[in-house]
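Following: one structure in structure tokens, then a few remarks.
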Amino acid sequence: LFGLNHFFNLDLTKEQIENESWKFTEQINNKLYFKKGAFVLTFEDDYINIDNTKGQDIGYWGKCKDINTFRYICKLLEI
């Protein structure tokens, strides 16, 4: 028997991020940039970096492989 990963691509994609109301702003090499309100997000491979541009110490940097993890991180950051 194959695992679910064999049948479904569970990796986070640009389109999934955009579907969560993040606005794609640019791409430099393999790094994608997005903006949503006071937050900016960079996405490269399985890693995301979310920073607050209003100067608050709220953010995240780390691995994020799928949309459910991405949604959970955004919920914790109240984005």
Side-chain angles (χ1 to χ4, degrees):
L1 243 232
F2 294 105
L4 286 178
N5 285 344
H6 180 75
F7 296 104
F8 300 102
N9 181 2
L10 298 179
D11 292 338
L12 186 62
T13 66
K14 174 184 179 275
E15 292 76 20
Q16 289 173 322
I17 295 171
E18 289 176 316
N19 287 338
E20 296 298 313
S21 301
W22 287 85
K23 182 182 176 201
F24 176 73
T25 56
E26 68 179 318
Q27 178 174 350
I28 300 175
N29 298 320
N30 290 334
K31 191 177 284 189
L32 306 177
Y33 294 82
F34 300 86
K35 183 165 179 51
K36 183 175 182 179
F39 292 89
V40 293
L41 177 147
T42 57
F43 174 56
E44 184 174 20
D45 298 322
D46 288 338
Y47 290 88
I48 63 170
N49 183 39
I50 299 175
D51 287 317
N52 187 315
T53 61
K54 300 278 187 200
Q56 297 177 355
D57 271 347
I58 299 173
Y60 174 83
W61 182 89
K63 199 165 198 137
C64 183
K65 290 192 63 103
D66 60 59
I67 188 63
N68 291 328
T69 304
F70 180 74
R71 288 175 177 156
Y72 182 67
I73 292 166
C74 289
K75 184 176 182 176
L76 290 175
L77 296 175
E78 298 179 356
I79 301 174

Going from OH on Y72 to OH on Y60, what distance comes out if it is rounded to the nearest 0.5 angstrom? 11.0 Å

Is there a side-chain contact between E20 and I67 (heavy atoms, below 4.5 Å)? yes

Is it the case that the side chain of D45 and the backbone of Y47 share a donor-acceptor pair, with hydrogens and angles ignored and the cut-off at 3.5 Å? no

Tell me whether E26 at atom CD has more than 12 heavy atoms from other residues, nucleotides or ligands lying less than 6.0 Å away. yes

The reported gap from CD1 in I17 to CZ in F24 (rounded to nearest 0.5 angstrom) is 10.0 Å

Of all heavy-atom pairs between K54 and A38, which one has the smallest distance, and what is that distance? CG-CB, 3.3 Å

Without swapping roles, check the side chain of K35 against the backbone of G37 for a donor-acceptor pair under 3.5 Å. yes

Is there side-chain contact between F70 and L41, with at least one heavy-atom pair below 4.5 Å? yes

Report yes or no: do L12 and Y33 belong to one cluster of Ile/Leu/Val/Met/Phe/Trp/Tyr joined by side chain heavy-atom distances under 4.5 Å? no

Nearest 0.5 Å please: distance from the CD1 atom of I48 over to the CH2 atom of W61. 11.0 Å

Count I, L, V, M, F, W, Y as connected when their side-chain heavy atoms are under 4.5 Å apart, and connections chain through other members. Are I79 and I58 then in the same cluster? yes

Determine, using the 4.5 Å side-chain heavy-atom cutoff (strictly less than), whether I73 and V40 are members of one ILVMFWY cluster. no

Starting at CD of E44, measure out to CG of L32 and round the result to the nearest 0.5 Å. 8.5 Å

I'd like to check I50 versus W22 (side-chain heavy atoms, cut-off strictly below 4.5 Å). Are they in contact? yes

Would you find a donor on one side and an acceptor on the other, under 3.5 Å apart, between the side chain of Q27 and the backbone of N29? yes

Please find the pair of heavy atoms, one from G59 and one from L77, that lie closest to each other, and give the distance. O-CD2, 3.7 Å

What is the distance from atom NZ of K36 to atom OG1 of T25, rounded to the nearest 0.5 Å? 14.5 Å

Starting at CZ of F43, measure out to CG of N49 and round the result to the nearest 0.5 Å. 12.5 Å

